[in-house]
Each structure stands twice: as structure tokens, then as C-alpha cells.
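Accompanying notes for the structure given below.
Since the model is a prediction, treat every value here as computed from it, not as a measurement. Within every chain, numbering begins at 1; the chains are lettered A, B, ... in the order of the sequence lines, protein sequences first and strands thereafter.
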There are 2 protein chains.
Amino acid sequence: MNGQFQIALHILTLLSRANDELLSSDYIAGSININPALARKEISNLRNHGLISSKEGKNGGYSLSKPSGQISLADIYQAVKTQPVLGSAKNMPNPDCPVGKQINKNIDLIYADLDKTLLEKLGNMSLADFSKQFD
Amino acid sequence: MNGQFQIALHILTLLSRANDELLSSDYIAGSININPALARKEISNLRNHGLISSKEGKNGGYSLSKPSGQISLADIYQAVKTQPVLGSAKNMPNPDCPVGKQINKNIDLIYADLDKTLLEKLGNMSLADFSKQFD
DNA sequence: TTCATCTGTAATAAAAAATATTACAGTAAA
DNA sequence: TTTACTGTAATATTTTTTATTACAGATGAA
């Protein structure tokens with residue numbers, strides 16, 4: 001679980017509390033305390049995953065593309081993740097060793113299992129619930 | 001979940017299959033395909049956590065310090081991890097923003113919850129079971 | 001006793017990954 | 001036609017991870 005998830009969750013929390021008002025990348029970046037271009041990059045990804053809508057030009061900005069009750073933390077994580085939650089085996093063990101030969105496969109099985117468990121838990125939490133904590 | 005866990009699991013799997021024979025850091029590193037000094041460093045940590053015994057000097061090497069059935073994957077992960085499984089919030093958000101002010105705390109709560117779930121699952125798997133897969 | 005073979009550990013270097021910065025083209029409102 | 005935005009690429013910097021080198025200390029055996 002990397003910093004992207006935290007940034008994504010922060011962005012979406014801000015948007016969920018913005019009541020249809022568009023937020024700019026400058027405002028968002030200011031709340032997270034990161035560079036606006038980096039915020040836009042993350043937003044761009046979330047937009048590609050159908051979570052955020054954007055409007056260009058003057059008075060442009062960002063908004064949620066669906067109600068926060070319909071966005072789960074699993075959706076957010078899925079949008080952000082490139083790998084199973086826990087990574088995947090990436091050593092290149094010795095193929096002449098009975099253990100080395102197949103350990104990556106066995107580790108990946110465990111990781112896939114844990115991944116499933118985690119995503120199930122995240123699936124039970126909505127952005128609306130998370131967002132409510134800030135009232 | 002980082003590469004350390006994979007290395008630790010690999011080391012312990014080798015030892016659990018060594019039947020009291022001591023394995024050298026050279027042999028272990030050769031199976032994992034990493035530098036022997038790095039293997040020794042990992043082993044040193046596992047030894048500090050009571051999982052491995054070592055013998056110095058000629059014909060020295062490493063062995064498990066208890067039966068593999070008494071070592072869970074959670075024990076291994078605990079020995080290796082420095083943080084909650086999923087990391088922890090590390091941005092420095094704007095404290096003047098109602099969201100920024102408390103988001104780290106709320107993220108950490110979620111991470112702690114997921115952490116607990118993961119460790120419970122890992123606690124149900126023993127090194128012996130993992131090791132058996134290589135027969 | 002002294003040589004060979006190990007571990008233990010620190011210091012350093014290199015590689016990889018994450019994050020930040022700069023820059024500027026494109027779009028839309030006023 | 002100026003101003004205030006987004007979109008995106010290129011680049012730089014920082015941080016983290018991993019690898020390497022080096023050598024002191026321990027132990028067994030010739």
C-alpha cells in the first residue's frame with residue numbers, strides 16, 4: 001500500500017465534501033501539501049477509472065462523478081494499485097534448488113489470498129463513511 | 001509487504017528442510033540468489049527474534065531454533081516488519097484544512113484494522129505447512 | 001599453532017522507486 | 001484577448017532498497 005492510495009483518498013474526501021462546487025488542483029494540492037502537477041496526475045488516473053469528472057478552462061476544476069456512497073475504498077484502491085496489495089515475489093531464486101525453483105509461485109499464492117481478504121474489507125467501507133468522520 | 005519477508009520465508013524454508021544439518025550463508029544466498037552478507041543480515045534479524053540459531057567458526061552455519069510447526073507466517077512477518085503491513089500515513093497535509101488536519105489519523109485507523117486482519121490470516125499458516133509444498 | 005572456513009557487522013556504493021518541479025500547450029469564461 | 005484553469009511530458013531530486021566490499025572474531029582441524 002503506497003502513498004498513492006493516501007493521496008487518492010485525500011482527493012476524493014475533499015471532493016465528497018465540496019457539494020457540487022468544483023475544486024481546483026491548486027486547492028487540492030494545498031490541502032495535501034503536494035505539488036499541483038502531482039495532484040493533477042493522480043486525478044487524471046482517478047478520472048480514467050470513472051471516479052472523478054473534470055472541467056477545463058477558467059473556473060474549471062474537479063468533482064466526484066458519482067455519489068460518495070457508491071464509491072468503496074476498494075474501488076479507490078483498485079484504481080490506484082498496479083500490483084497485489086502486498087506486492088509480488090520478485091527475487092530470481094536459483095532454479096536448480098528445489099525450494100528456489102518454486103518459491104515465487106507459492107509466495108504469490110499467499111499474496112493473492114491476502115489480497116482478496118483485504119479487498120473484501122475495503123469493499124465494505126464507502127467513501128461516504130470515511131468522509132463523514134471529518135464532520 | 002516488502003522483499004524482506006520473501007527472503008526471510010525463503011531462508012526459513014531452507015532451514016526447515018535441512019534436518020539438523022547446518023546451512024551456510026553462502027549456500028542460503030545461492031538459493032535465493034542474493035549476496036551472502038545480505039543473507040547474514042536478514043538471518044541476524046531472525047535470530048534476534050528467536051527463530052534461528054547460529055554457530056560461528058569452521059563448519060558453522062544456521063538452523064531453526066524451534067520446530068517449523070511452531071512458527072507461523074505471522075511470526076515471520078512480525079520479525080521482519082517495521083511498520084503496519086500497509087505502511088502508514090506519511091504525508092504532511094495542511095493542518096488548516098479540516099480534512100488535512102485529521103486524515104492521517106483516520107488512514108492509520110484503517111491501516112491498523114487491515115493489519116490485524118492480515119496478521120490473523122498469516123497466523124493460521126505454519127512454516128511447516130508452507131515448507132511441505134516443496135516435497 | 002596456524003591455516004582454512006565460517007559468522008557478525010559496519011561502511012559504502014549502486015540501483016530502483018517514489019516524489020517533486022518546471023514548463024507549456026490547450027480550453028473556456030469573462 | 002486576457003485570465004484562470006486543466007493535461008501532460010520531460011526532467012530533477014530525494015528516498016528507499018538492495019548490493020558490495022571489507023575485515024574482525026570464532027571454531028575446528030591439520
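At D:dT6, one or more side-chain N or O atoms of A:Ser25 fall inside 4.0 Å of OP1 or OP2 (strictly under the cut-off). The phosphate of C:dG8 has OP1 or OP2 within less than 4.0 Å of a side-chain N or O from B:Tyr62. Residue B:Arg47 places no side-chain N or O under 4.0 Å from the OP1 or OP2 atom of C:dT7. Close to C:dT7, at under 4.0 Å from its OP1 or OP2, lies no side-chain N or O of B:Ser44.
More than 12 heavy-atom neighbours from other residues, nucleotides or ligands sit within 6.0 angstrom of CG on B:Asn48.
For B:Ser68, there are no side-chain hydrogen bond (donor to acceptor under 3.5 Å, both in side chains) partners two or more places apart in sequence or in a different chain. Taking A:Thr13 as the reference, nothing meets the side-chain hydrogen bond (donor to acceptor under 3.5 Å, both in side chains) condition, with sequence neighbours excluded. Every residue meeting the side-chain hydrogen bond (donor to acceptor under 3.5 Å, both in side chains) condition with A:Asp135, not counting sequence neighbours, appears here in chain and number order: A:Arg17. In this structure A:Ser16 satisfies the side-chain hydrogen bond (donor to acceptor under 3.5 Å, both in side chains) test together with A:Ser131, sequence neighbours excluded.
End-to-end axis angle of the helix from C:dT1-D:dA30 to C:dA30-D:dT1, from C1' rotation axes over five pairs per end: 0° (rounded to 10 degrees).
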Could you go step by step and tell me if A:Leu127 and A:Leu9 meet the side-chain contact (heavy atoms from CB on, under 4.5 Å) rule?
CA-CA 8 Å; A:Leu127 175 61; A:Leu9 186 52; 4.2 Å; yes
Does the side-chain contact (heavy atoms from CB on, under 4.5 Å) test come out yes or no for A:Leu15 and A:Ile28, once each step is laid out?
CA-CA 9 Å; A:Leu15 294 179; A:Ile28 291 169; 4.3 Å; yes
Checking side-chain contact (heavy atoms from CB on, under 4.5 Å) for the pair B:Phe130/A:Ile107: CA distance, chi angles, key distance, verdict?
CA-CA 9 Å; B:Phe130 184 76; A:Ile107 287 177; 4.2 Å; yes
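Between A:Asn48 atom CG and D:dT6 atom P the separation is 16 Å, expressed in whole Å.
Among residues at least two apart or in separate chains, salt bridge (charged side-chain N to carboxylate O under 4.0 Å, His left out) pairs with a member in residues 108-120 of chain B are A:Lys121-B:Asp113, B:Lys81-B:Asp115, B:Lys116-B:Glu120. Counting only residues at least two apart or on different chains, the side-chain hydrogen bond (donor to acceptor under 3.5 Å, both in side chains) pairs with a member in residues 28-38 of chain A are A:His10-A:Ser31.
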How would you summarise protein contacts on nucleotides 20-30 of chain C per nucleotide, using B for base, S for sugar-phosphate only and - for none, with heavy-atom distances below 4.0 Å?
SBBB---BBBS
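For DNA chain C, none of the residues of residues 92-104 of chain A falls under the heavy-atom distance limit of 4.0 Å. A heavy-atom distance below 4.0 Å to DNA chain C is reached by none of the residues of residues 12-24 of chain A.
Here the side chains of B:Leu122 and B:Ile76 are not in contact, with every heavy-atom distance at 4.5 Å or above. Taking the side chain as every heavy atom from C-beta outward, B:Leu22 and B:Lys55 approach each other to under 4.5 Å.
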Taking only nitrogen or oxygen atoms into account, show me every contact under 3.5 Å that the protein makes with nucleotides 14-18 of chain C, one pair per line with its distance.
none

Contacts table for residues 57-67 of chain A: side-chain donor-acceptor under 3.5 angstrom, sequence neighbours left out:
from: A:Ser65; atom 1: OG; to: A:Gly50; atom 2: O; distance (Å): 2.7
from: A:Ser65; atom 1: OG; to: A:Leu51; atom 2: O; distance (Å): 3.0
from: A:Ser65; atom 1: OG; to: A:Ile52; atom 2: N; distance (Å): 3.2

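Here the CD1 atom belonging to A:Ile34 is positioned 11.0 Å from the CD atom belonging to A:Gln6, to the nearest 0.5 angstrom.
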